Amino acid sequence: MRFERIILVVMDSVGVGAAYDAKAYGDLNTDTLGNTAKVTDGLNLPNLQRLGLGNLHPVKGVLPIDKPLGYYKKLTEASVGKDTLTGHWEMMGILVDKPFKTFSANGFPKELIDTFEKSTGYKVIGNKSASGTEIIKELGEKHLKTKELIVYTSSDSVFQIAAHEETFGLNELYRCCEIAREITLNEKWKIGRIIARPFSGNNYKNFIRTSNRRDYALKPYKKTVLNSLSEGGYDVISVGKIADIFDYEGITEYIKSKNNFDGMLKTIDFVKNKCFKGLLFVNLVDFDSLWGHRRNPHGYKNQLEEFDIQLGYLIKELKADDLLIITADHGNDPTHIGTDHTREEVPLLYFSKRFTKTKKLRKGKSFADIGATIADNFKVESPLLGKSDLKKFE
């Protein structure tokens, strides 16, 4: 069974239970989806339920059903780490066996900050591991007065730069991020992503991050399924931050989104109104950035239920030769300690209107099963990592 179009939707951070090695990451008993449901008195996700989510994993309010509409299984991450870059890269065939550098304990080294200040012409404030919203409250007013750049990190391999969107300027913030990206290609400071974090407001009471975030990721160090698709003449359309994650490698068209709702609206519109042959690759980041990191299970619940409603509209617009894939890139259990991602297995749901049979599939040993399935469908070079599920579909 082959498909003309594949729509891959990544529910950023929606994990389904601790991975076998979660203890090594301090993540025993984590379960983003299950624990969110437990502490919020259940989730109402009828469309995900129809696709087999309740048959795949125990989730309060999401019941197993007799005849799910899709194939479903769990995936275990083969790479080390639990970050966005690692998860997405592995989906498309790259095994990350050496973790990206992190600086959460003591902030960035003085040599790196000195080099950044000299290259940009701005002093740095912050330089610590922090919540993005909290550090803006703490240092935003000082930034407005001095134009000093707010630099911070997290448990992830990220160098985040916050600046006021109007008074500092988006283009100037992006220029500084490009400089940081160039500097941190140095092996001793090799960081996964530089992230521009613009904000608006005039004091700590009303500072708010805007939707003009931009990620500057490392370039993938190996060919991915995205490259194979575009080289084979297929469309590879990014919605959300996918293009940033892969540094635009293999991307033939990209669509920016303001938030999850906007990203799904644009996905539905594209599926309904655009002719393409290849992959539409979507990332929905709000689960992670707004609720997981902020340890807000009620916000996470609301975001999941909003997504499920939009998922129903997306399913209605699918054509007979479309394949819908829904997955996640890591966990971020909002009931867990700290603010970091969590090392979890992720769901993998397949749906097509052409399916005549559906069932639970054996657990995958790598997120790259996704890329292998996509490559197999379009008959392009497949990654060595991962196994295709295409021949299992009936």
Side-chain angles (χ1 to χ4, degrees), residues 5-14 75 77 79 83-94 96 156-158 177 181 192-196 211-231 234-271 274 276-289 307 310-311 314 322-330 332 341 346 348 367-375 378 380 383 386:
R5 311 191 303 180
I6 294 180
I7 299 92
L8 170 57
V9 178
V10 180
M11 304 181 296
D12 200 308
S13 86
V14 184
L75 296 176
E77 190 164 16
S79 298
D83 61 277
T84 296
L85 213 61
T86 300
H88 283 79
W89 282 15
E90 183 171 318
M91 285 181 210
M92 294 298 117
I94 294 181
V96 179
D156 276 357
S157 180
V158 291
C177 288
R181 176 70 285 169
R193 284 179 295 158
I194 311 301
I195 306 179
S211 61
N212 290 312
R213 162 185 172 157
R214 186 174 291 180
D215 292 41
Y216 300 79
L218 285 173
K219 194 174 290 293
Y221 50 79
K222 290 182 181 179
K223 183 177 180 178
T224 73
V225 174
L226 304 185
N227 298 114
S228 297
L229 288 170
S230 59
E231 289 168 7
Y234 293 101
D235 298 304
V236 181
I237 303 113
S238 157
V239 178
K241 66 177 185 175
I242 294 297
D244 290 334
I245 291 168
F246 290 91
D247 196 30
Y248 294 80
E249 288 290 304
I251 303 295
T252 62
E253 182 177 350
Y254 61 92
I255 302 165
K256 295 296 184 182
S257 61
K258 297 177 181 178
N259 48 45
N260 278 15
F261 189 82
D262 182 54
M264 281 298 289
L265 281 181
K266 288 174 175 171
T267 299
I268 293 164
D269 178 70
F270 205 93
V271 168
K274 302 290 185 180
F276 69 96
K277 187 174 183 180
L279 175 66
L280 181 65
F281 196 172
V282 184
N283 175 276
L284 303 175
V285 71
D286 290 353
F287 300 113
D288 184 55
S289 62
F307 165 72
Q310 290 184 293
L311 175 60
L314 175 59
D322 289 343
L323 174 65
L324 173 64
I325 306 175
I326 299 174
T327 191
D329 55 340
H330 51 72
N332 200 345
H341 294 150
V346 301
L348 178 57
F367 293 1
D369 285 7
I370 297 168
T373 300
I374 294 168
F378 293 111
V380 299

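Just so it is clear, the structure is predicted and the values come from calculations on it, not from any experiment.
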Only counting residues at least two apart or in another chain, list the ones meeting side chain to side chain donor-acceptor pair (under 3.5 Å) with [X].
X      : value
Lys222 : none
Ser257 : none
Glu249 : Lys219

Side-chain donor-acceptor pairs under 3.5 Å in residues 278-285, sequence neighbours left out?
from, atom 1, to, atom 2, distance (Å)
Asn283, OD1, Val285, N, 3.3
Asn283, ND2, Asp12, OD2, 3.0
Asn283, ND2, His88, NE2, 3.2

Original post:
Salt bridge or not for Lys277 and Asp235, using N-O below 4.0 Å?
Top reply: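 Answer for the salt bridge query: no.
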**OP:** Inspect the contact between Asp247 and Arg181 and indicate whether a charged nitrogen and a carboxylate oxygen are less than 4.0 angstrom apart.
**Re:**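 Salt bridge absent between Arg181 and Asp247.
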Original post:
Is there a donor in the side chain of Asp83 and an acceptor in the side chain of His330, or the other way round, less than 3.5 Å apart?
Top reply: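 No, His330 and Asp83 have no side-chain donor paired with an acceptor closer than 3.5 Å.
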Donor-acceptor check, side chain of [X] to backbone of [Y], threshold 3.5 angstrom: yes or no?
X      : Y      : value
Asn332 : Ser13  : no
Trp89  : Phe246 : no
Glu253 : Ile237 : no

Original post:
Just wondering, are more than 12 heavy atoms of other shown residues or ligands nearer than 6.0 Å to NZ in Lys258?
Top reply: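 Atom NZ in Lys258 is not crowded, with 12 or fewer foreign heavy atoms closer than 6.0 Å.
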Subject >> CG on Leu314 to CD1 on Ile7, rounded to 0.5 Å >> reply: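 Output value for this atom pair is 6.5 Å.
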Subject >> Passing option when His341 is tested against Asp156, Thr86, Thr84 for side-chain hydrogen bond (donor to acceptor under 3.5 Å, both in side chains) >> reply: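 By the side-chain hydrogen bond (donor to acceptor under 3.5 Å, both in side chains) criterion, His341 pairs with just one of Asp156, Thr86, Thr84: Asp156.
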**OP:** For Tyr216, check ring-ring contact (aromatic ring centres under 6.0 Å, His included) against everything at least two apart and list the hits.
**Re:**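 In terms of ring-ring contact (aromatic ring centres under 6.0 Å, His included), with neighbours along the sequence ignored, Tyr216 is linked to no residue.
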Subject >> By salt bridge (Lys or Arg N to Asp or Glu O under 4.0 Å) - contacts of Arg213 (at least two apart) >> reply: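 Salt bridge (Lys or Arg N to Asp or Glu O under 4.0 Å) list for Arg213, sorted by chain: Asp215.
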**OP:** Report the C-alpha separation of Leu323 and Ile325 in whole Å, then their side-chain angles, then the decisive distance to 0.1 Å, and conclude whether the side-chain contact (heavy atoms from CB on, under 4.5 Å) test is met.
**Re:** CA-CA 7 Å; Leu323 174 65; Ile325 306 175; 4.1 Å; yes
Subject >> is_close_aromatic(Phe276, Tyr234), centroid dist under 6.0 Å >> reply: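 No, ring centres 6.0 Å or more apart.
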